[in-house]
Amino acid sequence: MQSQTLYIKMLGSLELEKQGNVITDNDNRSKKIWLLLALLAYNRNNKVSQEKILSYFWNDFEGSSNPQNALKTLFHRLRVLLNPLGEDVSRKLFQCKKGEYFLNPDFPYELDIDRFESLVLTAREESDPNQRSEILRQAFNLYQGDFLTKFSSESWVIPISTYYHNLFLETVEELIELYESEQNYQIAIEILEKANSIEQYEERFYLHLMMDLIALGRMEEVITVYKQLNDMLQMNFGVKPSPEVKKLYQQASLACKDDMLDSSSIQKQLLEGGQDQHGALYCDYDFFLNIYHAMARGLERNGNAIHLVIMTITDLNDKVLSKRSLDVCVNNLKALSCETLRQGDVVSMCSPSQFVILLPNANRENALMVSERIEKSFLRKYPHSPAKLNFDVQPLLPPEIERMAQGGTYEE
């Protein structure tokens, strides 16, 4: 016999399930109905006044001549939404009396957020590592995403989401410590991979994932994880992975090349693919810095002219471009820059909205012409883009002169 209990899931998508019947916020019904459902479900121990509900829905009811009636209509639509779960759910789950709305305390229901929080708090008090691991694993499996993911921008959702998200991070950290202490690296890896899919900006999770993969000898996967992290940090924050992460990457890279190479094999690797590459070299910022420093040191010997171009993306009013437009523009410029520039030129991103370009054997006039050529090509190829390109051209100086300039003792 199936349980008469109604299960309400709020971690990740919003779902209600009873006796195999399910409704979810993915069914594209009105956002207002699902928000009202979520608000009443979360406040399961309290009655919510219509004034408080209207304050949350003010933008939705602002144009209404009678917001109270509009709320009553929305509440009726909520009950219709619940019909697939059974007439008893539709009529009894949510109640309205004397201008107050609430979840019926006599209706049998369970919320995943209550169960999740209870498990985490119980684990804190458990001294036995095996028992604590089992409890935390149950909590981890319950967490299918941040609280009301689809409505994460709602002002009342944000602090609640932060609370449960922090409990999730605590759960992951505890589990990883337990599994790594037992050298159970495979399970630790599975935990970390799911954790990274939910919290993609927690660098220490990537660090542990790489350590555990190294412990199992899976060096190529370590390199893949590093590249994913590096691209994510560069694209979103304009920063590089920590030295600890970089050290693991270097360890894995060396381990993947453990065979001794003869001179002909080395030459073959150096030449491999080079004949098929046209235009400028695009590379990550770490590699760009190495090339930059090598070229700067070479200036002391050969005195060749080298210029650096910093290309900044803004909107047409020199303000920050929206993330969606910026992502499109960045992808377009990566390809366009490599096509427009010459072989021997080097391109990279140094921040989410800036490219740096090294132009060997180019004086200032040449560098300005290159900047103009990139801008014209961009405008011609993407005439309706909301982006504007701004260029700053600087000469590359030998390290000694650069140090003097920074110290204020060098004058051009």
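Remember, predicted model here, so these are calculated numbers, not experimental data.
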Does [X] reach the main-chain N or O of [Y] with its side chain, forming a donor-acceptor pair under 3.5 Å?
X	Y	result
S133	P129	no
E17	G20	yes
N43	N46	no
R342	A280	no
S161	V157	no
T73	N69	yes
E182	N184	no
D146	T149	no
Q144	N141	yes

Charged N to carboxylate O under 4.0 angstrom, [X] versus [Y]?
X	Y	value
K194	E190	no
K334	E339	no
D286	K240	yes
D25	K9	no
E174	R132	yes
K388	D318	yes

Stepwise side chain to side chain donor-acceptor pair (under 3.5 Å) test for T314 and N390:
CA-CA 8 Å; T314 66; N390 303 276; 3.2 Å; yes
What is the distance from atom [atom1] of [X] to atom [atom2] of [Y], rounded to the nearest 0.5 Å?
X	Y	atom1	atom2	answer
S385	L333	OG	CG	8.0 Å
L93	D106	CG	CG	11.5 Å
R79	I33	CZ	CD1	13.5 Å
T171	Y164	OG1	OH	12.5 Å
I113	I160	CD1	CD1	7.5 Å
Y185	L213	OH	CG	12.0 Å

[X] side chain to [Y] side chain, donor-acceptor N/O pair below 3.5 angstrom:
X	Y	result
S322	S325	yes
E15	Y7	no
T312	Q354	yes
S90	N83	yes
H307	Q394	no
Q228	N230	no

What closest approach, in Å, do [X] and [Y] show between heavy atoms, and which atom pair accounts for it?
X	Y	answer
F288	V347	CD1-C, 4.3 Å
D112	L11	OD2-N, 3.0 Å
A387	L321	CB-CD2, 3.8 Å
M232	Q200	CE-O, 2.9 Å
C350	V356	SG-CG1, 3.7 Å
R218	E221	NE-OE2, 2.9 Å

Tell me if the [atom1] atom of [X] is crowded by more than 12 foreign heavy atoms within 6.0 Å.
X	atom1	answer
E220	CD	no
R115	CZ	no
F237	CZ	yes

Member of N45, I8, L39 meeting the side-chain contact (heavy atoms from CB on, under 4.5 Å) criterion with L103:
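Result: among N45, I8, L39, I8 is the only option passing the side-chain contact (heavy atoms from CB on, under 4.5 Å) with L103.
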Give every donor-acceptor pair under 3.5 Å between a side-chain atom in residues 243-251 and any protein atom, sequence neighbours left out.
from: E244; atom 1: OE1; to: S242; atom 2: OG; distance (Å): 3.3

Does [X] have any salt bridge (Lys or Arg N to Asp or Glu O under 4.0 Å) partners at least two apart in sequence or in another chain, and if so, which?
X	result
E51	none
R44	D114
E170	R124

Return the orientation label for the F116 and Y143 ring planes: parallel under 30°, perpendicular over 60°, tilted otherwise.
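Tilted.
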On the 0 to 90° scale, with breaks at 30° and 60°, tag the W156-F147 ring pair as parallel, tilted or perpendicular.
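Rings of W156 and F147: perpendicular, as their planes differ by over 60°.
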Residues in side-chain hydrogen bond (donor to acceptor under 3.5 Å, both in side chains) contact with E372, at least two apart in sequence or another chain:
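By the side-chain hydrogen bond (donor to acceptor under 3.5 Å, both in side chains) rule, E372 matches K376.
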Can you list the steps and then say if I23 with L85 is a side chain to side chain contact (heavy atoms under 4.5 Å, CB included)?
CA-CA 8 Å; I23 61 171; L85 300 175; 3.9 Å; yes
Kindly determine whether Y179 and Q186 satisfy side chain to side chain donor-acceptor pair (under 3.5 Å), including the steps that lead there.
CA-CA 9 Å; Y179 287 130; Q186 180 54 45; over 6 Å; no
Using side-chain heavy atoms (C-beta onward) and a distance below 4.5 Å, is M311 in contact with S371?
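The answer is no, as the side chains (C-beta and beyond) never meet within the 4.5 Å cut-off.
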Beyond-backbone contact of L136 with V172, side-chain heavy atoms, under 4.5 angstrom
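Side-chain contact under 4.5 Å: no.
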Is the NZ or CZ atom of K92 both under 6.0 Å from the centre of the six-membered ring of F107 and within 45° of that ring's axis?
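No; the conditions do not both hold, so K92 does not lie above the ring face of F107.
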Might you work through the ring-ring contact (aromatic ring centres under 6.0 Å, His included) test for F75 and Y101, ending with a clear yes or no?
CA-CA 9 Å; F75 185 69; Y101 295 80; 5.0 Å; yes
Might you work through the side chain to side chain contact (heavy atoms under 4.5 Å, CB included) test for E203 and L229, ending with a clear yes or no?
CA-CA 8 Å; E203 189 177 2; L229 173 62; 4.0 Å; yes
Evaluate the criterion side chain to side chain contact (heavy atoms under 4.5 Å, CB included) for residue pair I291 and L281; output intermediate values, then yes/no.
CA-CA 11 Å; I291 295 175; L281 168 67; 4.2 Å; yes
Show your working on side chain to side chain contact (heavy atoms under 4.5 Å, CB included) between S337 and Y282 and close with a plain yes or no.
CA-CA 9 Å; S337 298; Y282 183 86; over 6 Å; no
Any pair counted as salt bridge (Lys or Arg N to Asp or Glu O under 4.0 Å), so long as it reaches residues 319-331, sequence neighbours left out
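Pairs touching residues 319-331 that pass the test: K323-D327.
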